[in-house]
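Structure, as structure tokens:
Just the heavy atoms: all of them, side chains too, but no hydrogens, waters or symmetry mates, feed the values below.
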Amino acid sequence: MDTNTIIKVENLTRKFNGLTAVDGISFEVKKGEIFGFLGPNGAGKTTTINMLCTLLRPTSGTAEVACCDIIKDPNRVRREIGIIFQDPSLDDRLTAEDNLRFHGYLYHMKISDINQRIPEVLNLVELYDRRKDFVKKFSGGMKRRLEIARGLLHHPKLLFLDEPTLGLDPQTRAHIWDYILKMRKETGLSIFMTTHYMQEAEVCDRIAIMDHGHIVDLDSPEGLKKKHGEDTLEKVFLKITGREIRTQAGESSWTQWMRRS
Ligand SMILES: Nc1ncnc2c1ncn2[C@@H]1O[C@H](COP(=O)(O)OP(=O)(O)O)[C@@H](O)[C@H]1O
Ligand SMILES: [Mg+2]
């Protein structure tokens, strides 16, 4: 694998009984890139992430993540990556700090490293002052921030985020994106994310548009718009698939946030 490549996927396929959820996809992600999968519900985004994170075995095809084969070397893959799942996965009965500590133990981190790292990642997502609070008291946005902190705890080279802002209000979504961009700037880490929000796809360096288990196009947001002669990704999606991607209420404050810088 090219040393500049962090993910290399070849003909990856996953079937569930009669249904082909991911149908022979191939793509590469470069080091330091924010790479996005954009597609409607059921497109196969989570299934792809789960295979790349070694949580689900492909039916056929191969992938290398951080230079490790996902089938032959799943344990090494897991050490190199951080994951923020689509569904909440914190322990509500523990404090913020103890959720992180538990994660550090699972990853066999040294105690000294855990102790040094916890304040760093909590500061990044501005939750240091809440470290002693039980997670059940946290808002949805705070939980997401803590999950991001946890995903970063063991110094991953690559972070997977599956619909990182799903179900959050536009203001909180914008806030979460502030952290993701800050983290990328500070650590140079590579990011693979999925979303069905057009506005989030705009932040990516490159996006793969996914529909019915296929990658129907792949380019930078600007490149896609130029190629299809459209001024928004929304129209690009409609043009390629003949369908509208689901859009959410309250997009205007998000758009304001995106334009402010
Ligand atoms: N464990 C499973 N068993 C059966 N079907 C599944 C399973 N996981 C996902 N699917 C199906 O695979 C398709 C892709 O799902 P998913 O990868 O979750 O899509 P997305 O994340 O893009 O919304 C859907 O039709 C979904 O119902
Ligand atoms: Mg999903």
Side-chain angles (χ1 to χ4, degrees), residues 6-7 29-38 49 53 66 80-86 88-90 96-97 99-101 103-104 107 109 113-131 133 135 138-207 220-222 233 250-251 253-261:
I6 190 91
I7 302 177
V29 178
K30 299 288 167 213
K31 274 184 189 156
E33 225 178 4
I34 299 187
F35 188 93
F37 257 25
L38 173 69
I49 279 213
C53 294
E80 303 288 3
I81 63 173
I83 315 171
I84 287 112
F85 296 102
Q86 180 171 326
S89 62
L90 295 163
E97 192 173 63
N99 266 282
L100 298 182
R101 198 165 288 286
H103 178 87
Y107 277 78
M109 289 173 70
D113 190 22
I114 294 175
N115 288 339
Q116 188 192 332
R117 191 72 178 140
I118 285 177
E120 280 174 15
V121 293
L122 283 176
N123 274 321
L124 177 84
V125 297
E126 294 178 273
L127 283 176
Y128 183 74
D129 294 342
R130 307 297 300 267
R131 67 192 181 282
D133 288 0
V135 167
F138 280 13
S139 67
M142 287 164 72
K143 287 183 184 175
R144 264 290 102 149
R145 278 148 61 193
L146 184 60
E147 287 178 314
I148 290 173
R150 184 182 61 180
L152 290 170
L153 192 77
H154 57 285
H155 310 275
K157 290 195 182 109
L158 167 66
L159 197 66
F160 286 94
L161 299 135
D162 194 5
E163 308 241 12
T165 63
L166 188 71
L168 301 176
D169 62 87
Q171 221 178 342
T172 310
R173 280 166 56 202
H175 206 164
I176 295 283
W177 269 101
D178 279 336
Y179 294 118
I180 296 175
L181 295 177
K182 183 167 111 190
M183 164 183 90
R184 204 265 290 250
K185 201 168 160 198
E186 286 176 9
T187 63
L189 129 145
S190 313
I191 296 176
F192 180 98
M193 57 160 294
T194 70
T195 186
H196 65 265
Y197 295 118
M198 297 293 167
Q199 294 83 357
E200 294 187 357
E202 291 275 4
V203 184
C204 297
D205 297 312
R206 288 190 306 145
I207 46 179
S220 63
E222 280 318 306
L233 286 176
E251 295 297 79
S253 58
W254 168 266
T255 309
Q256 272 167 18
W257 175 80
M258 291 299 293
R259 289 199 181 128
R260 96 206 140 158
S261 41

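Taking every heavy atom of both residues into account, Met193 and Cys204 meet most closely at SD-SG, 3.9 Å. Contact detail for Ile207 and Ala201: the closest heavy-atom pair is CG2-O, 3.7 Å. Closest approach of Glu126 and Arg145 over heavy atoms only: O-NH2, 3.2 Å. Considering every non-hydrogen atom in both Ser190 and Lys30, the closest pair reads OG-O, 4.2 Å. For the residue pair Pro221 and Asp205, the shortest heavy atom distance occurs at CD-O, 3.5 Å. Residues Leu153 and Leu100 share a closest heavy-atom pair of CD2-O, 3.2 Å.
In this structure Phe138 satisfies the ring pair (Phe, Tyr, Trp, His ring centres under 6.0 Å) test with no other residue, sequence neighbours excluded. Applying the side-chain contact (heavy atoms from CB on, under 4.5 Å) test to Lys157 and every residue at least two apart in sequence or in another chain returns Ile6, Glu80.
Of the options Phe160, Tyr197, Phe192, a ring pair (Phe, Tyr, Trp, His ring centres under 6.0 Å) to Phe37 is made by Phe192 and by none of the others. Applying side chain to side chain contact (heavy atoms under 4.5 Å, CB included) to Ile34 and the options Ile191, Leu161, Leu189 leaves one that passes, Ile191.
Between the side chain of Arg117 and the main chain of Leu152, a donor-acceptor pair closer than 3.5 Å is present. Without hydrogens or angle criteria, Arg184 side chain to Gly32 main chain gives a donor-acceptor distance under 3.5 Å. Side-chain N or O atoms of Glu147 include none that pairs as donor or acceptor with a backbone N or O of Phe85 at under 3.5 Å.
Counting heavy atoms from C-beta on, the side chains of Leu166 and His196 come closer than 4.5 Å. Leu124 has its side chain within reach of Glu186: a pair of non-hydrogen atoms, C-beta onward, lies under 4.5 Å apart.
Between His103 and His154, the ring planes are tilted. Angles from 30° to 60° get that label.
The distance from atom CG of Asp169 to atom NE2 of His175, rounded to the nearest 0.5 Å, is 11.0 Å.
Judged by distance alone, the side chains of Thr172 and Arg144 never bring a donor and an acceptor atom under 3.5 Å apart.
With respect to Glu33 and Arg206, a salt bridge is recorded, a charged nitrogen being found less than 4.0 Å from a carboxylate O.
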